[in-house]
2 protein chains.
Amino acid sequence: MARRRQAVTIKHVAKDAGVSLQTVSRVINNEPNVRLAMKERVQNSIDRLGYVPSIAAQRMSGSRSYLILAINDREKTIAEWHSRSGTDWVDQMLLGGILTCSQYGYRMMVELVDTHNDHVERELSATIAALQPDGVILTPPHSENRLITGLLAKKNIPFARIGSVEPGPGIRLTMDDERSARMATEMLIGLGHRRVGFVAGPDDYSLSTWRINGWKAAMEQAGLPTSGLLQHGDFRFDSGLAATQSLLALASPPTAIIASNDQMALGTIEAAREKNLDVPSDLSIISFDNTPVVRFTDPPLTAVDQPVAATISKAVELLINVAKLPLPREPINIEATLVERASTVPPQN
Amino acid sequence: MARRRQAVTIKHVAKDAGVSLQTVSRVINNEPNVRLAMKERVQNSIDRLGYVPSIAAQRMSGSRSYLILAINDREKTIAEWHSRSGTDWVDQMLLGGILTCSQYGYRMMVELVDTHNDHVERELSATIAALQPDGVILTPPHSENRLITGLLAKKNIPFARIGSVEPGPGIRLTMDDERSARMATEMLIGLGHRRVGFVAGPDDYSLSTWRINGWKAAMEQAGLPTSGLLQHGDFRFDSGLAATQSLLALASPPTAIIASNDQMALGTIEAAREKNLDVPSDLSIISFDNTPVVRFTDPPLTAVDQPVAATISKAVELLINVAKLPLPREPINIEATLVERASTVPPQN
DNA sequence: CGTCGGATTGAGAACGTTCTCAAACAGCGA
DNA sequence: TCGCTGTTTGAGAACGTTCTCAATCCGACG
């Protein structure tokens with residue numbers, strides 16, 4: 001294989017414009033102190049020759065890599081993927097990220113990493129050494145992994161933690177999960193429900209705990225019991241099905257259920273069908289995430305909309321401008337909203 | 001911002017092991033003609049120091065970039081994304097690609113490009129100059145864009161064209177769309193349907209034409225008319241809805257409809273609901289793609305399964321090994337299968 | 001008209017790796 | 001033991017960019 005070279009380099013441009021490499025470099029990077037006439041002359045050569053700087057060379061000489069690395073949970077992603085049940089996070093994250101990155105001349109790369117792995121630190125460390133990204137975005141549950149955040153802080157690489165309120169290094173972008181869960185619960189209580197079941201996510205996602213707290217708070221404030229109405233799932237369809245089966249098998253089963261993500265809510269629908277319960281008249285359902293699928297279920301689901309894409313987009317902007325802007329020390333909160341659809345009505349019994 | 005340097009470089013390893021840079025390089029790249037003892041000594045230093053080569057530097061010195069670039073249709077992707085109707089291709093592509101890439105120490109990056117843009121060539125050319133990928137994967141409709149394929153061929157960058165049977169440069173991985181459509185149509189005819197409507201995709205996707213041909217062929221072979229039973233959509237929900245509305249407004253409407261992707265099939269369901277038609281007893285439906293959503297619609301949809309992820313995975317493997325293996329001159333065909341669900345029954349009238 | 005200081009430009013080193021080519025080494029037959 | 005050949009190792013250039021620092025230019029001021 002022949003050594004592949006850059007077609008047009010900065011040298012060609014410099015020669016064409018009759019200036020030094022350095023001047024071309026200055027024009028490329030839009031640096032001050034270049035005379036306008038000179039700038040135009042160089043830009044002209046750049047355009048005519050179709051020159052584009054090599055990112056590899058830029059990175060080499062100590063500049064930026066124009067790369068943002070987004071870290072996602074491999075275990076969850078692959079499981080969802082193999083079960084063909086949708087990979088909503090990756091999806092939204094990637095697109096929110098790619099579009100925002102491209103506005104700034106950056107790129108985004110998605111890396112899948114196992115949190116439950118002794119080698120996380122080594123694995124991620126190697127990736128960073130190899131790619132040298134300008135910024136890293138951590139999604140749950142990585143955003144709370146001390147090994148990872150410690151590593152990034154030590155390497156002095158700007159990073160954003162999505163969905164974690166825990167103090168520590170890095171920019172934090174949080175969804176107020178407690179508030180969202182409270183909001184959803186209050187809506188159901190407002191409709192007249194008194195037994196509202198909750199299907200939570202796994203324990204190693206701190207958002208699971210926040211959501212449980214929100215649900216409990218709303219129930220207790222209304223003087224309603226929560227005992228026995230809490231189940232845990234793992235964000236997959238099957239776990240939502242099983243959790244709901246348990247809830248519906250109670251002596252006095254809930255008249256409404258909140259599921260911690262859309263996939264588990266699909267399981268909830270399925271469990272109701274199995275028992276010949278009508279949704280929503282026998283069982284109201286609210287889910288979290290509001291991914292595309294919930295518009296097309298029967299009935300369409302009322303859901304808490306987590307603006308994942310907007311969050312990632314914001315994270316990208318902050319990371320890219322990290323040098324220019326003062327870093328927010330406090331978490332930036334991203335507002336979730338409740339999207340009402342046909343799955344929530346007053347209890348019929 | 002301080003000039004960011006590599007923590008551990010090949011020099012550190014060389015010094016630590018007491019050998020030259022070149023020897024370390026040889027060990028990294030697993031080259032022959034290194035004495036076993038020497039190899040072990042160097043590997044030892046590498047492990048102990050936690051050395052990982054800088055991809056930027058490797059690429060700079062003429063080696064590989066360990067990057068595969070996947071080109072997707074920006075227009076379609078963004079439209080789907082904003083309408084929150086799912087971005088199935090990107091999703092599957094990305095994951096199939098990422099997982100396979102990581103097996104070989106490569107990475108995948110997704111780039112969104114507009115085909116309907118005079119600057120496609122320039123835009124893509126710039127991306128390639130900047131990133132210098134080792135291979136490029138083109139998905140429809142880019143896989144048939146002569147400007148793009150010509151550019152890649154000229155730059156001598158290995159590339160794969162997904163879903164295009166058109167002759168020309170590049171590795172071709174095709175789904176036999178004519179066959180799939182024929183298969184779906186024949187299944188419906190086998191159930192007793194005589195009026196089978198077809199909602200095709202846009203004209204600039206050549207697969208649209210192939211699928212229409214397959215549908216027509218099956219109908220004609222069974223001696224059934226096709227006139228008036230063909231509608232075009234743009235792969236989005238709304239267009240599927242509108243196309244189906246037209247079909248159902250016919251004097252003798254179809255008893256079954258094949259939609260060219262899942263999103264349009266959702267529109268078909270919606271159109272049937274509006275007319276108070278029961279799916280499947282009044283209207284059978286088959287869709288293309290078999291993305292996660294069709295498992296959860298009411299009823300779940302019979303669908304042609306396009307193994308997108310497996311296809312991308314294969315493309316990645318071929319591109320990575322392009323130097324070692326002889327290039328396939330003929331298109332590699334990826335078999336689609338028909339997944340039967342509850343949306344297809346014999347006609348009831 | 002000379003001088004000073006900031007603005008503008010350029011020369012050469014540096015970044016971390018692989019490539020090219022030459023030197024040292026080892027094995028083998030005579 | 002010598003010479004030949006193929007294997008193993010190393011030295012220095014090359015890759016394309018930016019950084020550092022020095023040189024030049026230009027306008028204004030005395």
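Each chain gets a letter, A, B and so on, in the order the sequences are listed, and its residues count up from 1.
- Regarding contacts with the backbone of C:dT18, a side-chain N or O of B:Ser25 is found under 4.0 angstrom from either OP1 or OP2.
- Between the CD atom of B:Gln58 and the C1' atom of C:dC15 there is a distance of 14 Å, rounded to whole Å.
- At whole-Å resolution of the value, CD1 in B:Ile10 and P in C:dC19 are 11 Å apart.
- Here the shortest heavy-atom pairing between A:Cys101 and A:Val316 reads SG-CG1, 3.7 Å.
- Within the 4.5 Å cutoff, the side chain of A:Ile10 has heavy atoms near those of the A:Ile28 side chain.
- Note that CD1 of A:Ile312 is 9.5 Å distant from OG1 of A:Thr100, once rounded to the nearest 0.5 Å.
- B:Asn44 and B:Glu40 share no side-chain donor-acceptor pair at under 3.5 Å.
- Between the two ends of the helix from C:dC1-D:dG30 to C:dA30-D:dT1, each summarised by a five-pair axis, the helix axis turns through 50° (rounded to 10 degrees).
- Of the charged side-chain nitrogens involved, none lies within less than 4.0 Å of a carboxylate oxygen, so that B:Glu166 and B:Arg172 do not count as a salt-bridged pair.
- For the residue pair B:Ser65 and B:Gln132, no side-chain donor N or O sits within less than 3.5 Å of a side-chain acceptor on the partner.
- Look at CG on A:Leu131: it is 14 Å from P on C:dT17, rounded to the nearest Å.
- Across the protein-nucleic acid pair, A:Ile55 atom CD1 and D:dT18 atom P stand 11 Å apart, rounded to whole Å.
- Look at CG on B:Asn29: it is 17 Å from P on C:dG16, rounded to the nearest Å.
- Atom CG in A:Leu49 sits 4.5 Å away from atom CG in A:Asp16 (nearest 0.5 Å).
- Close to C:dG16, at under 4.0 Å from its OP1 or OP2, lies no side-chain N or O of B:Ser61.
- Spacing between atom CD of A:Gln22 and atom C1' of C:dA13 amounts to 12 Å, rounded to whole angstrom units.
- Side-chain atoms of B:Asp134 do not come within 3.5 Å of backbone N or O of B:Ile68 as any donor-acceptor pair.
- Take the nearest nucleotide of DNA chain D for B:Ala57 and for B:Thr23: the residue whose nucleotide is more 5' is B:Thr23.
- Ion pairing of A:Glu121 with A:Lys154 is absent here, as no side-chain N (NZ or NE/NH1/NH2) approaches a carboxylate O to less than 4.0 Å.
- Looking only at distances, no side-chain donor or acceptor of A:Arg59 sits under 3.5 Å from a matching main-chain atom of B:Ser54.
- Contacts between residues 11-21 of chain B and DNA chain D, defined by a heavy-atom separation under 4.0 Å, are made by B:Val19, B:Ser20.
- To the nearest angstrom, P of D:dT17 lies 20 Å from CD of B:Gln6.
- Of all the residues in residues 31-54 of chain B, B:Asn33, B:Val34, B:Arg35, B:Met38 reach under 4.0 Å from DNA chain D with at least one non-hydrogen atom.
- Once rounded to the nearest 0.5 Å, the distance linking CD of A:Glu111 with CD1 of B:Ile98 reads 8.0 Å.
- Atom-to-atom, CZ of B:Arg59 to C1' of D:dT17 comes out at 14 Å; the value is rounded to the nearest Å.
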